[in-house]
**Student:** 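Before I ask anything, here is the structure I am working with.
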Amino acid sequence: MSDIIEEILMAATKSRIFKNRDILRPDYIPDTLPHRENEIRKLAQILAPILREERPNNVFIYGLTGTGKTAVTLFVLKHIDKKTKELNISFQYSYINCRQSDTPYRILSELASSLGIRVPFTGLATSEVYKRIIRALELKKRLLLIVLDEIDFIIKKHGDDLLYKLVRINDVLKNSKVSLIGITNDVNFVERLDPRIRSSLGEEEIIFSPYNALQLEDILRQRAREAFHDNVLGEGVIELCAAIAAREHGDARRALDLLRVAGELAEREGARRVTIEHVYKARDELERDRVQEVVHTLPLHSKLVLLAILALVKEGKITTTGEVYNTYIKICKSVRIETVTQRRVSDIINELDMLGLVNAKVVSRGRYGKTKIISINLKPDILYDALSRDPRLEPIINNIRG
DNA sequence: CTTCCACAGGAACCAGCGGACC
DNA sequence: GGTCCGCTGGTTCCTGTGGAAG
């Protein structure tokens with residue numbers, strides 16, 4: 001009797017679909033990275049001086065999202081770290097994602113804590129944290145490698161002061177040596193950089209090109225072998241995930257997400273196999289989640305502007321800044337919310353564009369002025385759903401959708 | 001060739017907040 | 001408990017501009 005129960009419970013804890021789901025997670029670093037052999041070799045060559053206790057050149061890495069920049073970097077560093085431990089070299093690396101730590105202060109405080117210095121979340125002057133880092137580096141001789149992932153984020157928001165300081169840090173240090181790896185997925189970003197920083201940071205450069213559909217298939221197959229049980233992937237599933245991701249700039253992370261979520265959907269349904277339909281559903285769900293999350297964290301006026309855009313785009317296909325502003329004013333008046341200036345709305349539209357919720361492009365229409373053409377290519381329902389989670393907006397949404 | 005629209009977007013600055021320090 | 005600091009989400013004032021119309 002208890003055997004039967006045991007059996008059922010065991011079956012419930014064991015997935016029919018996944019052998020090991022974690023392998024499909026974006027932060028998982030596999031033992032091999034297919035189609036990135038050249039990049040691995042190049043980066044390893046650049047960083048090899050570490051093993052002779054010399055400072056390696058600074059490296060600049062570009063490539064679109066999901067092209068394996070972070071994975072390759074961490075992969076190589078993991079190996080070097082192991083090797084330096086064997087050789088008893090005082091080497092250390094610090095990985096900082098500038099999107100998550102998006103102010104100079106947060107970056108420095110993360111750097112500090114990776115060096116074992118405790119700093120408060122806020123309250124100190126940025127320069128004070130910098131001083132403490134210097135002090136720690138002078139205390140003990142070491143080789144430090146700082147990885148700044150998505151480095152374009154701080155530059156765009158806070159200029160290049162911090163970067164300049166970090167690039168020049170070796171001039172101040174007597175004991176320790178510091179190298180930098182900058183990773184960015186914005187290719188144009190380099191051109192806007194101060195030439196002094198550019199030449200210093202770009203002592204070495206590595207460019208990651210996007211994966212094509214076939215390479216993505218390889219990557220997915222390799223991971224799928226370990227992640228899924230045998231024969232659970234239906235025909236064409238991998239190919240479809242690869243194709244969808246390839247269309248979106250060869251983003252491997254997208255492809256892996258699609259595959260994972262498709263698997264999860266199949267499992268939740270109790271299906272025995274993952275089918276193409278699951279992949280399509282996964283695509284919708286991922287988009288929904290992304291929009292939901294982004295919209296949720298938007299300030300009130302950004303939501304109101306988004307709503308104004310939505311209301312206008314419903315009727316036509318595109319709209320302009322002026323129209324959006326007028327509609328926004330109307331919406332605000334109807335619920336007695338104070339309005340912000342057009343200047344701010346213009347910025348908000350840019351922010352919404354950056355977040356991928358709307359498309360905004362500046363165009364000149366000659367006699368009819370220069371403006372932003374704004375459109376949406378998400379399904380309006382997804383946006384309305386996300387917005388209606390804010391109780392303040394509900395009456396307005398009901399009004400618009402009528 | 002000039003004009004002129006409808007904004008873009010830079011610069012400087014502000015209030016209010018929360019947290020750490022002394 | 002006052003002080004200092006950074007961040008957010010604004011403001012005001014401003015100069016700049018692509019290209020159709022005249």
Side-chain angles (χ1 to χ4, degrees), chain A residues 96-113 116-133 135 150 152-166 186 188-189 191-194 293-309 312-313 316 318-333 335-355 357-375 387 390 392-393:
Chain A
I96 299 165
N97 185 308
C98 304
R99 195 215 294 257
Q100 280 152 29
S101 312
D102 60 349
T103 65
Y105 185 84
R106 278 183 215 162
I107 288 168
L108 284 178
S109 70
E110 253 196 64
L111 191 56
S113 64
I117 316 165
R118 271 181 46 85
V119 287
F121 298 113
T122 168
L124 284 184
T126 312
S127 57
E128 175 58 26
V129 184
Y130 181 75
K131 271 184 214 153
R132 290 187 192 184
I133 289 169
R135 210 184 306 150
E150 309 198 70
D152 42 321
F153 270 81
I154 18 153
I155 306 292
K156 273 180 205 155
K157 282 184 84 170
H158 301 276
D160 44 21
D161 284 2
L162 175 71
L163 209 51
Y164 190 70
K165 263 188 182 167
L166 289 177
D186 182 349
N188 304 321
F189 151 78
E191 286 151 28
R192 294 198 301 272
L193 217 51
D194 184 317
E293 198 192 312
V294 172
V295 169
H296 177 71
T297 57
L298 245 36
L300 177 62
H301 287 280
S302 300
K303 289 181 185 171
L304 288 165
V305 170
L306 182 57
L307 211 48
I309 295 171
L312 285 163
V313 171
I318 53 163
T319 182
T320 61
T321 308
E323 283 175 9
V324 170
Y325 188 63
N326 290 335
T327 311
Y328 159 82
I329 298 270
K330 260 188 237 159
I331 291 175
C332 285
K333 288 239 169 86
V335 283
R336 298 172 176 229
I337 295 173
E338 281 174 72
T339 61
V340 300
T341 54
Q342 177 157 347
R343 179 70 190 83
R344 182 84 254 274
V345 168
S346 173
D347 275 346
I348 288 174
I349 292 170
N350 286 341
E351 287 161 27
L352 295 175
D353 178 52
M354 286 245 288
L355 292 168
L357 296 175
V358 305
N359 301 318
K361 209 172 133 199
V362 285
V363 293
S364 178
R365 298 188 300 175
R367 163 103 322 179
Y368 307 106
K370 193 179 167 195
T371 183
K372 272 198 276 270
I373 295 275
I374 302 150
S375 64
L387 282 167
D390 189 329
R392 292 170 293 186
L393 302 179

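A note on names: the letters A, B, ... follow the listed sequences, proteins ahead of strands, and every chain is numbered from 1.
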**Student:** Under a 3.5 Å distance rule, please check whether Tyr328(A) uses its side chain to pair with a backbone N or O of Val340(A) as donor and acceptor.
**Tutor:**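 Yes: the side chain of Tyr328(A) pairs with the backbone of Val340(A).
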**Student:** Please state how far atom CD1 in Ile107(A) lies from atom P in dG6(C), giving the value in whole angstrom units.
**Tutor:** 14 Å
**Student:** In B/S/- notation, 5' to 3', how is nucleotides 5-12 of chain B contacted by protein heavy atoms closer than 4.0 Å?
**Tutor:** BBSSBB--
**Student:** Can you name the closest pair of heavy atoms from Glu150(A) and Cys98(A) and give their distance?
**Tutor:** O-CB, 3.3 Å
**Student:** Which heavy atom of Lys303(A) sits nearest a heavy atom of His296(A), and at what distance?
**Tutor:** NZ-O, 3.9 Å
**Student:** Tell me the interatomic distance from Arg106(A), atom CZ, to dC5(C), atom C1', rounded to whole angstroms.
**Tutor:** 14 Å
**Student:** What integer distance in Å separates Glu110(A):CD from dG6(C):P?
**Tutor:** 18 Å
**Student:** Go through the structure and list residues passing side chain to side chain contact (heavy atoms under 4.5 Å, CB included) with Ser113(A), not counting sequence neighbours.
**Tutor:** none
**Student:** Calculate the interatomic distance between Lys361(A) atom NZ and dT17(C) atom C1'; express it in whole Å.
**Tutor:** 17 Å
**Student:** Taking atom P of dG10(C) as reference, at what distance in whole Å does atom OH of Tyr325(A) sit?
**Tutor:**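 Between P of dG10(C) and OH of Tyr325(A): 12 Å.
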**Student:** Whole Å only: how far is the OH atom of Tyr105(A) from the P atom of dC5(C)?
**Tutor:** 12 Å
**Student:** How far does CG of Asn326(A) sit from OG1 of Thr320(A), to the nearest 0.5 angstrom?
**Tutor:**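 Answer rounded to 0.5 Å: 8.5 Å.
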**Student:** Once salt bridge (charged side-chain N to carboxylate O under 4.0 Å, His left out) is applied, do any residues pair with Asp347(A), and if so which ones, sequence neighbours excluded?
**Tutor:** Arg343(A)
**Student:** For Glu110(A), enumerate each residue passing the salt bridge (charged side-chain N to carboxylate O under 4.0 Å, His left out) test, keeping only those at least two apart in sequence or located in another chain.
**Tutor:**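 Not a single residue meets the salt bridge (charged side-chain N to carboxylate O under 4.0 Å, His left out) criterion with Glu110(A).
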**Student:** Under 4.0 Å, heavy atom to any atom of DNA chain B: which of residues 294-302 of chain A qualify?
**Tutor:** none
**Student:** Could you work out, with salt bridge (charged side-chain N to carboxylate O under 4.0 Å, His left out) as the rule, every residue matching Arg367(A), not counting sequence neighbours?
**Tutor:**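 None.
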